[in-house]
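Hydrogens, waters and symmetry mates play no part in the numbers below; they use all other heavy atoms, side chains included.
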Amino acid sequence: MTTTVLLAGATGDLGQRIARELLSRRDAPDDVRLRVLTRPGSTDTTTLFGDDDRVEVTRASYADVPALTEAARGADVVVSAVSGVRPVIVDAQRALLTAAVAAGVPRFVPSDYSADYRSIPPGSNRNFELRREFAGVLDAAPIRATSVLNGMFTDLLTGDAPMVLFDRKRVLFWSSADQVLDFTTKDDVAHVVAGVALDPEAPRVVEVAGDRVTARQVARTMSELTGTPFKPQWAGTTGTLSAMAAVMRRTSKDDDDTFPAWQGMQYFVNMFSGDAQLRHVDGARYAPARWTTVRDVLATRVGSTTPA
């Protein structure tokens with residue numbers, strides 16, 4: 001049976017990975033029809049997928065629900081990988097959801113791909129609360145939905161998330177160095193999303209974690225990888241970090257940015273407080289052949305900076 005997947009946000013970092021996974025599934029390589037959604041006038045999707053006869057490029061504005069409905073018609077599942085703040089996560093996805101329901105699409109996968117936003121305190125994380133708001137809209141719609149929750153992207157440990165201070169030989173933590181943290185690489189998340197897209201019986205929420213570690217364990221791993229002692233470094237309490245994030249947000253001019261510095265601080269607040277910890281991880285149902293661990297990602301970073 002052929003599954004037609006309408007993928008929104010296919011030109012983004014995660015969206016491209018999801019598309020690649022869908023097109024390379026060994027269990028159903030000939031049974032996936034990928035339809036990617038792009039805005040009128042955009043050439044990015046054509047550049048990325050135009051030469052692949054397995055991919056259909058369809059164009060529609062998120063402000064044009066009738067056009068979105070036609071784009072969704074005949075699809076078995078809509079997978080959203082869009083990225084942004086309210087105009088995208090709530091408004092654009094609401095339009096996409098309305099179109100999916102009007103077109104008779106049976107299933108919808110929202111752009112969550114995060115830690116567990118369902119129990120975080122109000123006001124503690126803007127991006128999580130936008131996802132929670134849209135989840136309420138999605139739950140009220142006559143469509144089967146599946147959210148993928150995966151903790152933090154492990155890839156960020158070597159880039160945008162300043163938890164591992166490579167030069168200072170420290171691993172930052174807030175409140176407790178023994179709080180369990182959930183991590184999954186973008187490639188592993190894409191693998192899971194592809195599996196969910198092709199499973200008509202996927203549950204409402206799928207929780208996965210490529211690795212679950214503490215800051216103390218990350219420090220130990222870095223010590224083993226480098227041969228140099230790394231130590232956990234207390235950076236304050238989660239309450240202090242939350243207050244700092246609130247002040248930074250009030251005084252910043254980047255409230256419309258998707259990932260400003262204060263948003264990253266809010267993410268760490270929810271992770272180190274345990275509020276966003278995954279409680280029902282299923283590591284088998286949609287798992288890759290092998291989960292990529294925190295150690296794997298850090299080893300690549302250490303290896304890339306080791307003199308030849």
Side-chain angles (χ1 to χ4, degrees), residues 83-86 89-90 112-136 147 149-184 205 207-222 230-281 294 297-298:
S83 178
V85 288
R86 175 169 295 278
I89 297 300
V90 177
D112 285 343
Y113 320 125
S114 66
D116 192 345
Y117 54 76
R118 293 172 294 179
S119 299
I120 63 166
S124 66
N125 189 310
R126 178 200 60 184
N127 287 8
F128 282 178
E129 289 180 77
L130 291 174
R131 282 161 170 75
R132 184 161 62 187
E133 180 180 343
F134 181 70
S147 291
L149 302 179
N150 50 258
M152 182 183 233
F153 290 134
T154 323
D155 318 62
L156 297 179
L157 282 176
T158 60
D160 296 334
M163 179 179 165
V164 181
L165 305 182
F166 294 90
D167 294 337
R168 294 175 55 188
K169 310 295 188 294
R170 294 290 186 271
V171 175
L172 297 182
F173 71 91
W174 289 265
S175 290
S176 173
D178 297 307
Q179 170 62 47
V180 175
L181 311 173
D182 304 302
F183 292 98
T184 315
V205 178
E207 297 182 26
V208 296
D211 206 353
R212 312 188 79 188
V213 298
T214 67
R216 193 181 309 279
Q217 289 171 327
V218 172
R220 186 179 306 123
T221 296
M222 285 300 300
F230 271 67
K231 296 181 179 179
Q233 175 67 58
W234 186 75
T237 66
T238 55
T240 301
L241 184 62
S242 180
M244 291 173 58
V247 170
M248 184 177 291
R249 182 178 185 181
R250 286 196 299 269
T251 58
S252 71
K253 298 179 180 180
D254 55 6
D255 202 56
D256 292 332
D257 291 350
T258 305
F259 298 110
W262 55 264
Q263 175 61 61
M265 295 165 71
Q266 290 185 334
Y267 212 110
F268 276 133
V269 168
N270 292 139
M271 289 186 68
F272 277 95
S273 68
D275 292 331
Q277 184 177 341
L278 302 177
R279 307 294 180 183
H280 304 285
V281 172
V294 167
V297 172
L298 293 176

> Rounded to the nearest 0.5 Å, how far apart are CG of Asp178 and CZ of Phe173?
8.0 Å
> Taking C-beta and beyond as the side chain, do Ile120 and Arg132 meet within less than 4.5 Å on heavy atoms?
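Yes, at least one pair of side-chain atoms sits under 4.5 Å.
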> Are Leu298 and Val218 side-chain neighbours, meaning at least one heavy-atom pair lies under 4.5 Å?
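Yes, at least one pair of side-chain atoms sits under 4.5 Å.
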> I'd like a table of donor-acceptor pairs (distance under 3.5 Å, sequence neighbours excluded) in which one partner is a side-chain atom from residues 259-273, with atom names and distances.
unit_1	atom_1	unit_2	atom_2	d
Trp262	NE1	Ser252	OG	3.4
Trp262	NE1	Asp254	OD1	3.0
Gln263	OE1	Asn127	N	3.3
Gln263	NE2	Asn125	OD1	2.8
Gln266	OE1	Arg126	N	3.0
Tyr267	OH	Ala115	N	3.1
Tyr267	OH	Gly151	O	3.1
Asn270	OD1	Asn125	ND2	3.0
Asn270	ND2	Ser124	OG	3.3
Ser273	OG	Val269	O	2.9
Ser273	OG	Asn270	O	3.2
Ser273	OG	Asp275	N	3.2
Ser273	OG	Asp275	OD2	3.0

> Locate the shortest heavy-atom distance separating Tyr117 from Leu149; write the atom from each residue and the value.
CE2-CD2, 3.7 Å
> What's the separation between atom CD in Glu129 and atom CZ in Arg86, rounded to the nearest 0.5 Å?
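If we round to the nearest 0.5 Å, Glu129:CD and Arg86:CZ are 10.0 Å apart.
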> Should Gln277 and Val180 count as side-chain neighbours, where that means a heavy-atom distance under 4.5 Å?
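SC-SC contact between Gln277 and Val180 confirmed.
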> Could you give the distance from CG (Asp112) to CG (Leu130), rounded to the nearest 0.5 Å?
11.0 Å
> Do Leu165 and Gln233 come close enough that some side-chain heavy atom pair is under 4.5 Å?
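Side-chain contact under 4.5 Å: no.
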> Where is the tightest heavy-atom contact between Thr258 and Ser83, given as atom of each residue plus distance?
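That would be CG2-OG, 3.8 Å.
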> Of the non-hydrogen atoms in Leu278 and Ala209, which two are nearest, and what is the gap between them?
CD1-CB, 4.4 Å
> Nearest heavy-atom pair of Leu157 and Phe166: which atoms, and what distance?
O-CE1, 3.8 Å
> So, do Asn150 and Ser114 sit near enough that their side-chain heavy atoms are less than 4.5 Å apart?
no
> Quick one: OG1 on Thr184 to CD on Glu207, what's the gap to the nearest 0.5 Å?
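Reported value, rounded in 0.5 Å steps: 11.0 Å.
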> Which heavy atom of Ala215 sits nearest to which heavy atom of Leu181, and what is that distance?
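Result for this residue pair: N-CD1, 4.4 Å.
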> Among residues at least two apart in sequence or on other chains, which ones pass side chain to side chain donor-acceptor pair (under 3.5 Å) with Asp155?
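For Asp155 there are no side chain to side chain donor-acceptor pair (under 3.5 Å) partners, ignoring immediate neighbours.
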> Once rounded to the nearest 0.5 Å, what's the spacing between atom CG of Asp182 and atom CZ of Arg279?
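So the CG of Asp182 and the CZ of Arg279 are separated by 8.5 Å.
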> Ignoring hydrogens and geometry, is there a side-chain-to-backbone donor-acceptor pair from Thr221 to Gln217 under 3.5 Å?
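The answer is yes, because a donor-acceptor pair under 3.5 Å joins these two groups.
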> If you round to the nearest 0.5 Å, how far is CE of Met163 from OG1 of Thr158?
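So the OG1 of Thr158 and the CE of Met163 are separated by 13.0 Å.
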> What heavy-atom pair brings Val294 and Phe183 nearest, and what distance separates the two atoms?
CG2-CD1, 3.8 Å
> Taking salt bridge (Lys or Arg N to Asp or Glu O under 4.0 Å) as the test, write out the residues that go with Arg170, two or more places apart.
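Once residues adjacent in sequence are excluded, Arg170 has no partner under the salt bridge (Lys or Arg N to Asp or Glu O under 4.0 Å) criterion.
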